[in-house]
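Single-structure report; data block below.
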Amino acid sequence: MEIFVKYWPLIFSGLVVTIRICIIAIGLGLVAGLGIALLRRVKLAPVSWFCKAYIELFRGTPFLIQLFLLYYVAPNFGLMLVPELAGIVGLTLYGAAYFAEIFRSGLESIPKGQVEAAASLGIGRMRTFRKIIFPQLTVLIMPPSINQAITLLKDSAVLSIITVPELTKITTRIINESFATTEPLIILGLLYWMLAEIMSFAGARLEKRFTRYLRPTTIEP
């Protein structure tokens, strides 16, 4: 525990950076993913094609390559980002492709008859989505979205390659300074495991809350 006691302020700073980046990237990725999934349903071929191409491109190429292109190649075209911002943008774009597929699958699982019934009753599209589709969609996408969020948390370790001072980068610095490898890497693994467990617990609580209306109620005799 000597390493942890000596370097805990540095470790804590890396933990804060990791949490901040993941919260922002996952939040933006969810919003972008929902937008892409909805745009894919628009009956305009160019829009639908663009969304599909985006999803296939970001799901079909390694995140590390995407990050290199964003941080090292994009400046050649006038887009210069500081490391942390590049990490957030990269994780957001990468995660949005996966979240979009999760949303698409959820939307396609909802019977179209419900939308048609709402239209026949004179309910507008926005209200139909907000009151009928979205509550069901939330239940359907919750488990895979939590899994994807945890995956993005673990993928954030790649940001150390572009010098983002997150947990993995800080651990590398500690190893270089202390010449110890076992304890810093064990601490690193435990911290990622702790964050993943917290996200999993929070997701389970959210899922339980959103699905409470599905649980049967018992009537006392």
For the OG atom of S200 and the CD1 atom of I150, what is their distance to the nearest 0.5 Å? 5.0 Å

So T138 and L206, side-chain contact (heavy atoms from CB on, under 4.5 Å) or not? Walk me through it. CA-CA 10 Å; T138 303; L206 283 173; over 6 Å; no

Which residues share a salt bridge (Lys or Arg N to Asp or Glu O under 4.0 Å) with E108, sequence neighbours left out: R104

Is there a side-chain contact (heavy atoms from CB on, under 4.5 Å) between V17 and L159 once you walk through the steps? CA-CA 11 Å; V17 172; L159 303 185; over 6 Å; no

Is a side-chain N or O of S160 found less than 3.5 angstrom from the main chain of A157, in a donor-acceptor match? yes

Which distance, rounded to the nearest 0.5 Å, do you find between the CG of D155 and the CG of L64? 10.5 Å

What is the minimum heavy-atom distance between I162 and P83, and which atoms define it? O-CB, 3.4 Å

How about CE on M194, more than 12 heavy atoms from neighbouring residues, nucleotides or ligands closer than 6.0 Å, or not? yes

How close do A25 and L91 get, heavy atom to heavy atom, and via which atoms? CB-CB, 3.6 Å

Quick one: does any side-chain atom of S120 pair with a main-chain N or O of A117 as donor and acceptor, under 3.5 Å? yes

Residue list, side-chain hydrogen bond (donor to acceptor under 3.5 Å, both in side chains) with Y54, at least two apart or on another chain: none

State yes or no: do L57 and I55 share one hydrophobic cluster built from I, L, V, M, F, W and Y residues joined by side-chain heavy-atom distances below 4.5 Å, directly or via other members? yes

Can you name the closest pair of heavy atoms from G14 and I170 and give their distance? CA-CG1, 3.8 Å

When you group the ILVMFWY residues by side-chain heavy-atom contacts below 4.5 Å and let the links chain together, are Y94 and Y72 in the same group? yes

Please determine whether side-chain contact (heavy atoms from CB on, under 4.5 Å) holds for the pair T171 and I187, giving the CA-CA distance in whole Å, both sets of side-chain angles, and the decisive distance to 0.1 Å. CA-CA 9 Å; T171 300; I187 293 171; over 6 Å; no

At what distance, to the nearest 0.5 angstrom, does CD1 of I186 lie from CG of L191? 12.0 Å

Approximate separation, where rounding is to 0.5 Å, of Q136 CD and L107 CG: 10.5 Å

Between I174 and I11, is the side-chain contact (heavy atoms from CB on, under 4.5 Å) condition met? List the steps. CA-CA 9 Å; I174 293 172; I11 295 171; 3.7 Å; yes

Do the side chains of Y7 and P184 get nearer than 4.5 Å, heavy atoms only? no

Partner set under salt bridge (Lys or Arg N to Asp or Glu O under 4.0 Å) for E177, not counting sequence neighbours: R173

L152, I141, V31 screened by side chain to side chain contact (heavy atoms under 4.5 Å, CB included) with F99, the one that passes: L152

Got a second to check how far T92's OG1 is from L30's CG, nearest 0.5 Å? 10.0 Å

Measure the CG-OG1 distance between L185 and T172 for me, rounded to the nearest 0.5 Å. 8.0 Å

Run the side-chain hydrogen bond (donor to acceptor under 3.5 Å, both in side chains) test against T61 and tell me which residues pass, sequence neighbours left out. Q66

Listed by chain and number, what are the salt bridge (Lys or Arg N to Asp or Glu O under 4.0 Å) partners of R40, not counting sequence neighbours? E101

F68-L79 co-clustered via ILVMFWY side chain contacts under 4.5 Å: no

L38 and W49: same hydrophobic cluster, using ILVMFWY side-chain contacts below 4.5 Å? no

Is it true that a side-chain atom of S48 and a backbone atom of A45 form a donor plus acceptor pair closer than 3.5 Å? no

Just checking, any donor-acceptor pair under 3.5 angstrom between side chains of T18 and Y192? no

Judged by atom type as modelled, is there a donor-acceptor pair below 3.5 Å linking the side chain of S109 to the main-chain atoms of S105? yes

Looking only at heavy atoms, which two atoms of A37 and A100 are closest? And how far apart? CB-O, 3.6 Å

Which atom names give the shortest non-hydrogen contact between G203 and I146, and what distance separates them? CA-CD1, 3.5 Å

Single-linkage hydrophobic cluster L69~V158, side-chain heavy atoms < 4.5 angstrom: no

The salt bridge (Lys or Arg N to Asp or Glu O under 4.0 Å) partners of R20 (sequence neighbours excluded) come to E84

Looking only at heavy atoms, the pair that brings Y71 and L81 closest together is CE1-O, 3.5 Å

